[in-house]
Amino acid sequence: QLQLVESGGGLVQPGGSLGLSCVASGGTLYQYAIAWFRQAPGKEREGVGCISSSGASINYRASVEGRFTISRDNAKNTVTLQMNSVNPEDSAVYYCAASSDPASTDKAICWGSGMNYWGKGTLVTVSS
């Protein structure tokens with residue numbers, strides 16, 4: 001069974017950068033699309049972005065487009081979320097999740113209920 005572990009969270013100042021990693025074990029990552037989700041206190045979980053199994057397709061939510069970048073290294077079973085120009089609204093627990101649905105693996109279309117595996121999350125706090 002695929003296991004996902006996020007790392008890289010922490011405190012970052014507004015306008016700064018932070019890189020999150022999602023490392024998979026117990027399976028081969030290339031079979032799955034990977035999505036990043038986040039959940040701030042008192043708010044619903046929201047999708048941040050999704051990358052197809054090959055990495056050829058990537059989709060982002062509008063509020064992070066141009067600031068966040070998702071990449072993957074299937075040989076290392078790792079997906080990275082690079083966060084630039086962060087602001088306090090980006091503060092949340094960030095989760096990575098894997099999906100084997102063809103819409104996800106082929107077209108990077110991911111949704112929460114369609115994910116097969118989830119990590120436990122890493123906390124990002126944007127504050128001065």
Side-chain angles (χ1 to χ4, degrees):
Q1 182 165 339
L2 194 69
Q3 296 180 332
L4 303 174
V5 178
E6 304 92 339
S7 64
L11 176 65
V12 58
Q13 292 187 341
S17 298
L18 198 65
L20 305 183
S21 293
C22 174
V23 178
S25 61
T28 48
L29 201 61
Y30 74 86
Q31 298 174 307
Y32 299 91
I34 300 296
W36 286 93
F37 293 84
R38 66 186 182 186
Q39 187 166 20
K43 295 186 177 181
E44 293 188 356
R45 182 182 64 198
E46 61 184 22
V48 175
C50 177
I51 185 168
S52 63
S53 56
S54 69
S57 296
I58 308 173
N59 290 308
Y60 300 95
R61 72 177 298 109
S63 62
V64 307
E65 184 94 50
R67 300 188 298 121
F68 289 11
T69 302
I70 299 175
S71 60
R72 66 189 297 159
D73 185 338
N74 286 338
K76 295 182 179 179
N77 266 8
T78 301
V79 175
T80 299
L81 174 66
Q82 179 63 38
M83 307 165 58
N84 298 328
S85 302
V86 297
N87 56 62
E89 289 70 39
D90 296 319
S91 296
V93 177
Y94 282 72
Y95 302 88
C96 66
S99 172
S100 59
D101 188 287
S104 303
T105 58
D106 297 345
K107 300 179 181 179
I109 300 172
C110 296
W111 61 101
S113 60
M115 310 310 288
N116 302 109
Y117 303 101
W118 290 83
K120 294 183 177 180
T122 186
L123 177 64
V124 173
T125 303
V126 182
S127 176
S128 55

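Count residues from 1 along the sequence.
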Asker: So which atom in I109 and which in N59 form the shortest heavy-atom distance, rounded to 0.1 Å?
Answerer: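 I109 and N59 have their closest heavy atoms at N-ND2, 4.3 Å.
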Asker: What distance separates S25 OG from L4 CG, expressed to the nearest 0.5 Å?
Answerer: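 Reported to 0.5 Å precision, the distance equals 8.0 Å.
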Asker: Measuring only between side-chain heavy atoms, which start at C-beta, is W36 closer than 4.5 Å to F68?
Answerer: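 W36 does not reach F68 side chain to side chain.
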Asker: Is there a side-chain contact between T122 and S7 in this structure, where contact means two heavy atoms from C-beta onward sitting under 4.5 Å apart?
Answerer: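 They are not in contact (no side-chain heavy atoms under 4.5 Å apart), so the answer is no.
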Asker: Is F37 reachable from V124 through a run of I, L, V, M, F, W or Y residues, each pair having side-chain heavy atoms under 4.5 Å apart?
Answerer: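 No; tracing contacts between hydrophobic side chains, which count when under 4.5 Å, never links both residues.
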Asker: Would you say that N87 contacts P14 through its side chain, given a criterion of any heavy-atom pair below 4.5 Å between the two side chains?
Answerer: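 Heavy-atom side-chain distance check fails, nothing below 4.5 Å.
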Asker: For the atom pair CZ (R72) and OG (S53), what is the distance rounded to the nearest 0.5 Å?
Answerer: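 Atom-to-atom, R72:CZ and S53:OG are 6.0 Å apart.
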Asker: Nearest 0.5 Å please: distance from the CG atom of N116 over to the OG atom of S104.
Answerer: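 That separation rounds to 8.5 Å.
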Asker: Hey, is the main chain of G121 close enough, under 3.5 Å, to the side chain of E6 for a donor-acceptor pair?
Answerer: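 A pair under 3.5 Å: yes.
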Asker: Mind checking the OG-CG spacing from S113 to D101? Nearest 0.5 Å is all I need.
Answerer: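 If I round to the nearest 0.5 Å, the distance is 9.5 Å.
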Asker: Rounded to the nearest 0.5 Å, how far does OG of S54 lie from OH of Y30?
Answerer: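 Rounded to the nearest 0.5 Å, the OH-OG separation comes out at 13.0 Å.
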Asker: Check S17 against S85 and note the closest heavy-atom contact, atom names and distance.
Answerer: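 Scanning both residues completely, I find the closest heavy atoms to be OG-N, 4.4 Å.
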Asker: Shared ILVMFWY cluster between L11 and L123, side chains joined below 4.5 angstrom?
Answerer: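 No, separate clusters.
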Asker: With hydrophobic residues grouped by side-chain heavy-atom distances under 4.5 Å, do M115 and V79 end up in a single group?
Answerer: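 In one cluster: no.
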Asker: Taking all non-hydrogen atoms of both residues into account, name the closest pair between L20 and Y94 and its distance.
Answerer: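 Shortest heavy-atom separation between L20 and Y94 comes out as CD1-CB, 3.6 Å.
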Asker: For E44, look at atom CD and say whether over 12 heavy atoms of other residues, nucleotides or ligands are found less than 6.0 Å away.
Answerer: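 It does not: E44 CD has 12 such atoms or fewer within range.
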Asker: Please answer: with hydrophobic residues joined when any side-chain heavy atoms are less than 4.5 Å apart, are I34 and M83 in the same cluster?
Answerer: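 Result: yes, single cluster for both.
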Asker: Looking at every non-hydrogen atom in both residues, tell me the closest pair between Y60 and E65 and how far apart they are.
Answerer: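 Distance-wise, the nearest heavy atoms are CD1-OE2, 3.7 Å.
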Asker: Does one hydrophobic cluster hold both W111 and Y117, with members joined at side-chain heavy-atom distances below 4.5 Å?
Answerer: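 No, W111 and Y117 fall in different hydrophobic clusters.
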Asker: Looking at R38 and E46, is there a salt bridge between them, counting it only when a charged N and a carboxylate O are closer than 4.0 Å?
Answerer: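 A salt bridge is present here (some side-chain N lies under 4.0 Å from a carboxylate O).
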Asker: Can you check whether T105 reaches S52 side chain to side chain, under 4.5 Å on heavy atoms?
Answerer: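 No, side chains not in contact.
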Asker: Quick check: closest heavy atoms across W118 and R45, and the distance to 0.1 Å?
Answerer: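 For W118 versus R45, the nearest heavy atoms are CH2-NH1, 3.3 Å.
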Asker: Any idea which heavy atoms bring I70 and I58 closest together, and the distance?
Answerer: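 Heavy atoms of I70 and I58 come nearest at O-CD1, 3.3 Å.
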Asker: Can you tell me how far the CG atom of N77 sits from the CD atom of Q3, to the nearest 0.5 Å?
Answerer: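 Rounded to the nearest 0.5 Å, the CG-CD separation comes out at 12.0 Å.
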Asker: Dump the intermediate steps for side chain to side chain contact (heavy atoms under 4.5 Å, CB included) on R67 and D90, then the final yes or no.
Answerer: CA-CA 11 Å; R67 300 188 298 121; D90 296 319; 2.8 Å; yes
